[in-house]
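Reading through the structure tokens given below for one structure.
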There are 2 protein chains.
Amino acid sequence: MASELTRTPRSTAREGREKAIFEAARSVFAEFGYKGSTTAEIAKRAEIPKANLHYYFPTKEALYRAVTEDVLNTWLEAASSFDESADPSEAIAAYVSAKMDMARQDPIGSRIWANEILRGAPVIGDFLETTLLDWLKSRETIVRRWIKAGKLVALEPRYFFYMIWATTQHYADFEGQMAALNGGKPLSDAQFEAAKAQVIATLLRGVLPSGT
Amino acid sequence: MASELTRTPRSTAREGREKAIFEAARSVFAEFGYKGSTTAEIAKRAEIPKANLHYYFPTKEALYRAVTEDVLNTWLEAASSFDESADPSEAIAAYVSAKMDMARQDPIGSRIWANEILRGAPVIGDFLETTLLDWLKSRETIVRRWIKAGKLVALEPRYFFYMIWATTQHYADFEGQMAALNGGKPLSDAQFEAAKAQVIATLLRGVLPSGT
DNA sequence: GATAAGTTTGACCAATCGGTCAATTCTTCT
DNA sequence: AGAAGAATTGACCGATTGGTCAAACTTATC
């Protein structure tokens, strides 16, 4: 999180403060976006003086980049759960399940991503054009193979992935809207599991050949 | 847009400036959210001095509320395209189609909504808990009727609507991400129509009984 | 226990924020 | 033409912004 060059064992005190700042920054950036966030608010949520924040992270942008990099790493972890060796239904179910769990466990990360895209992706633009595009291309190849083998209905793989991303991300980014429609309470674990199962079922039914 | 009490015919000059401010505000709020937006930037995009902006809209919040109200009206228009008298497949296809067209024609409105939800919906919270919830409940009744009649597979209507909202909204909010994955260019009209057709096909296939 | 290094903090800075205001210009009406 | 009102604008205000800094305080090392 801090300098990757640190050689000496980090003191727990330092790690604690740095982590508190990091988590506070995540929540503030997720809520207000980069421009709408203030270092004062982040320091307040981290319960430290603002000047102390600048000791660990020299600028707001450096802090934002650290937070963003972490989000990308989490994304890459979930991406690996799409297994080409498995059956289409297995692979899709596992991937959607992983993305849904990600949305549930780390909605803040998803919201940071959403805010970054909304303002034109100045920081993760490179990632989108390189790593993400490579990932997408390789999975498109797999999906096309499945289609040719008759294991999937004919479709443009890209738009199918967009549907998966949209739906899973929705459960993180629009948690507030869902809560408002749920009597003001966030989805319970049971509700979330039901939603997840239904999303997987609907998507699979939507792309698997009849009688599968 | 201005005072609804205006009785005299509005001069086109006044309407023009007010509209310019309104459109500039939409684009800025969509990009940076409420907190991240500045009246200076809005005035700059409207190509007027900042003081002139405050002549038409006394505060940043008043301007934001005007913009937000307009977004809700657009939402309500699209909502009416869900026709209960039609076949499930017709009704769903028409609704998804309308939402997709909305995302294409007015991505900015969608992004304003998304930003508002991300910061906890302080302005449209009431709308969500009343109008939107009522709409959702009434449509859930219709969907449940279809399920009982065997015209739809068993599912929780709510999560199905979330899928529709998620997917259609994604084409507006994540336009930038899609463009990055599309050689830097936004989806062409042909690409968008293909995506729309596929979204409708996958969703229908996902919820209609086999052999329909 | 002294010295050095790392950490914490209030006070402060220039720039930008939302908003005001008086002076000016443009329109409208007679 | 000229008065009255509407619209436009540069200058300005106090509050907040991201960031700095020197002084004070801890902690590790000998």
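Sequence lines set the chain letters: A, B, ... in the order given, protein chains first and strands last, and positions in each chain run from 1. Note that the structure is a prediction, hence the values are computed from the model and not measured.
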Inset, instruction - Please work out whether the ring planes of H170(A) and Y162(B) are parallel, tilted or perpendicular, with thresholds of 30° and 60°. - result: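 Rings of H170(A) and Y162(B): tilted, 30 to 60°.
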Salt bridge present between [X] and [Y] (N-O < 4.0 angstrom):
X: E140(A); Y: K137(A); result: no
X: R65(A); Y: E69(A); result: no
X: E31(A); Y: R45(A); result: yes

Report, one pair per line, the protein and nucleotides 9-12 of chain D atoms (nitrogen or oxygen only) whose separation is under 3.5 Å.
unit_1 : atom_1 : unit_2 : atom_2 : d
dT9(D) : OP2    : R17(B) : NH1    : 3.2

Inset, instruction - Would you confirm whether the ring centroid of Y95(A) sits within less than 6.0 angstrom of the ring centroid of W135(A)? - result: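 Yes, the ring centres sit under 6.0 Å apart.
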Please report, rounded to the nearest Å, how far the [atom2] atom of [N] is from the [atom1] atom of [X].
X: Y64(A); N: dG18(D); atom1: OH; atom2: P; value: 14 Å
X: K60(A); N: dT20(D); atom1: NZ; atom2: P; value: 14 Å
X: E18(B); N: dT8(D); atom1: CD; atom2: C1'; value: 15 Å
X: H54(B); N: dG18(C); atom1: NE2; atom2: P; value: 7 Å

Inset, instruction - With a 4.0 Å heavy-atom cut-off, tell me which residues in residues 26-43 of chain B come close to DNA chain D, sorted by residue number. - result: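 None, since no heavy atom is under 4.0 Å.
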Inset, instruction - Return no unless some side-chain N or O of Y56(A) is found under 4.0 Å from OP1 or OP2 of dT7(C). - result: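 For Y56(A), the contact criterion (side-chain N or O under 4.0 Å from OP1 or OP2 of dT7(C)) is not met.
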Legend entry - Exercise: do Q177(B) and W113(A) side chains pair donor with acceptor under 3.5 Å: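 There is such a pair (donor and acceptor under 3.5 Å, judged by atom type) between the side chains of Q177(B) and W113(A).
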Inset, instruction - Please confirm whether R139(A) makes a cation-pi placement over F82(A), using NZ or CZ under 6.0 Å from the six-membered ring centre and within 45° of the ring normal. - result: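 Here R139(A) fails the 6.0 Å and 45° test against F82(A).
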Legend entry - Set of side-chain contact (heavy atoms from CB on, under 4.5 Å) partners for K44(B), sequence neighbours left out: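 With sequence neighbours excluded, K44(B) shows a side-chain contact (heavy atoms from CB on, under 4.5 Å) to E41(B), given in chain and number order.
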